[in-house]
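As the structure is a computational prediction, the values presented were derived from the model and not from experiment. Throughout, a chain's letter reflects where its sequence line sits, starting with A, and its residues are numbered from 1.
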Amino acid sequence: MHARMIMAAALLEETWHEERVCGELDLSLTLTTGQAFRWHSLGGDDGITWVGAVGQYVFALKSRDDSTLTYHTLHTPQDHTHTPSHTLRDYFRLDTDLSELCTSWANADPNFNSKVSQYKGVRLLRQDPLENVISFICSSNNNIARISGMLNSLCENLGEPICCYGDHTIYGFPTLDSLCADNMESTLRDLGFGYRSKYVAMAAKSIVEKGGVEWLLGLREKPYAEVVTSLRTLSGVGPKVADCVAMMSCDKLEAVPIDTHVWSVAVRDYGLAKKNKSLTASAYKEIGDHFRDLFGPMAGWAIAVLFVADLDRSGRYKGESIQSPKGSKGKRKRKDQQSLKSAKKRKT
DNA sequence: ACAATACCTCGTGT
DNA sequence: AACACGAGGTATT
């Protein structure tokens, strides 16, 4: 009996490695706050383990302390050109000294300074462009919980299983080819993507026409303005999503994605764009330019930290919305119609 | 340029 | 129980 248990333990033995982090790394703040949507957390005896795929690699991650990433490689792709160590250092940008950056941002801005001590360790992930665009097309008018559900469902249905860990099966993100299958829009509707189904289906085909994944990866070599212009030719990609992708997977850290929340932070804490009722193109640029001016060439990362600082523990916003003054006539009308349509559908 | 509207779905609050 | 609301927006008037 005892021997059997020891044998079982030996068979399941996991080899853990460590990477030194330049500055801090907080896995929870980095993996659950809306940059990536496919990391699972497992509660263990010695803390939380995060499991997920980075490309075709699958890792289990733990953090021993602020400055150490502890990992176990669950799956290594056949044709890998990089080591697990290299892959993780790249994904988490471990060679970028985050404490140095935070110091310079804190020196530049009192508001950042007042918040950073609680939220150091928010790292900007360097993600795969295809998964990144598709994910953020799905993020429109949506919430993190549902986005995660949609993307996991997408991978389970259209991606390939890579390996298992505990009771989880880890899937790869669907290939561009599989996203171009016939009737993709209706497939995605069945998966609960709603009106984003058409955007995703069209964007996938459009990416193929432009040169596929190579085209997306090639954007990393182009200047920021051109990256945004190129991305915005894809359906479902507007100014905010284009900035997300430019920043998170195309190496344009000067991109400042402005969603309703960053907008309200800009108004509340920086006195910007107050007079506009909607986030116009010029207000969008004004806010972005302000933060680029304030924080410098990696302004997007600084904003990501401020963004996380305004989430509560369940990933919801702390601050009050400045967008809907509660009595807005236009807004009310829209909502009522929306509800009416939903009601009709339910009865039918 | 800017404002107004529609768009799927779903957990939460009343 | 039923309904309204809003969630990391975008496309189309």
> Roughly how many Å apart are B:dA4 and C:dG8, using the P atom of each and rounding to a whole number?
24 Å
> Measure the distance from CG on A:Asn143 to C1' on B:dG13 and round it to the nearest whole Å.
15 Å
> Would you measure the distance from the C1' atom in B:dC10 across to the matching atom in C:dA11 and give it in whole Å?
23 Å
> A:Ser282 near the nucleic acid: base, sugar-phosphate alone, or nothing, with a heavy-atom cut-off under 4.0 Å?
sugar-phosphate
> Would you measure the distance from the P atom in B:dA6 across to the matching atom in C:dA4 and give it in whole Å?
15 Å
> Tabulate protein N/O versus nucleotide N/O from nucleotides 11-13 of chain C, keeping only pairs under 3.5 Å, one per line.
residue : atom : partner  : partner atom : Å
C:dA11  : OP1  : A:Gly236 : N            : 2.9

> Among B:dA3, C:dG9, B:dC10, find the nucleotide with the atom closest to the side chain of A:Asp259.
C:dG9
> Do A:Lys62 and A:Trp16 form a cation-pi contact, if we require the NZ or CZ to be under 6.0 Å from the six-membered ring centre and within 45 degrees of the ring's axis?
yes
> So A:Leu219 and A:Asp251, do their side chains get closer than 4.5 Å, heavy atoms only?
no
> Rounded to whole angstrom units, what separation is found between the NE2 atom of A:His261 and the C1' atom of C:dG9?
16 Å
> Under 4.0 angstrom, heavy atoms only, what part of the nucleic acid is A:Ser135 near: base, sugar-phosphate, or nothing?
nothing
> Rounding to a whole Å, what distance do you find between A:Leu231:CG and C:dG9:P?
18 Å
> Out of B:dC7, B:dC2, C:dT10, which has the shortest distance to the side chain of A:Tyr195?
B:dC7
> Step through the shown structure and confirm whether more than 12 heavy atoms of other residues, nucleotides or ligands are within 6.0 Å of NZ on A:Lys198.
no
> What does C:dG8 pair with, Watson-Crick or G-U, if both distances are under 3.5 Å?
none
> Between A:Arg292 (side chain only) and A:Glu254 (backbone N and O only), is there a donor and an acceptor less than 3.5 Å apart?
yes
> Kindly indicate whether the side chain of A:Leu61, heavy atoms from C-beta on, has any atom under 4.5 Å from the side chain of A:Trp39.
yes
> Could you work out the separation of B:dC8 and C:dT13 based on their P atoms and round it to a whole Å?
15 Å
> Is A:Ser278 near enough to B:dA3 that one of its side-chain N or O atoms lies under 4.0 angstrom from OP1 or OP2?
yes
> Is A:Val262 touching bases, backbone alone, or none of the nucleic acid, heavy atoms closer than 4.0 Å?
nothing
> With no hydrogens and no angle check, do the side chains of A:Asp65 and A:Thr68 hold a donor and an acceptor under 3.5 Å apart?
yes
> Taking the P atom of each, how far is B:dT5 from C:dG6, in whole Å?
16 Å
> Is the distance from OP1 or OP2 of C:dA7 to the nearest side-chain N or O of A:Ser139 less than 4.0 Å?
no
> Mind calculating the distance between CH2 (A:Trp263) and P (C:dA7) to the nearest angstrom?
12 Å
> Calculate the interatomic distance between A:Asp310 atom CG and C:dA7 atom P; express it in whole Å.
13 Å
> Could you tell me the separation between the CZ atom of A:Arg189 and the P atom of B:dC10, rounded to a whole number of Å?
13 Å
> So, A:Arg123 and A:Glu24, do they make that salt bridge, N to O below 4.0 Å?
no
> A:Met150 has an atom CE; how far is it from atom P of B:dG11, in whole Å?
13 Å
> Side chain of A:Arg146 only, heavy atoms from C-beta on: which candidate in B:dC7, B:dC2, B:dT9 is closest?
B:dT9
> Could a donor-acceptor pair under 3.5 angstrom be found where the side chain of A:Arg196 meets the base of B:dC8?
yes
> Tell me the interatomic distance from A:Phe136, atom CZ, to C:dA7, atom C1', rounded to whole angstroms.
14 Å
> Decide whether A:Tyr270 and A:Asp109 meet the rule of one side-chain donor and one side-chain acceptor closer than 3.5 Å.
yes
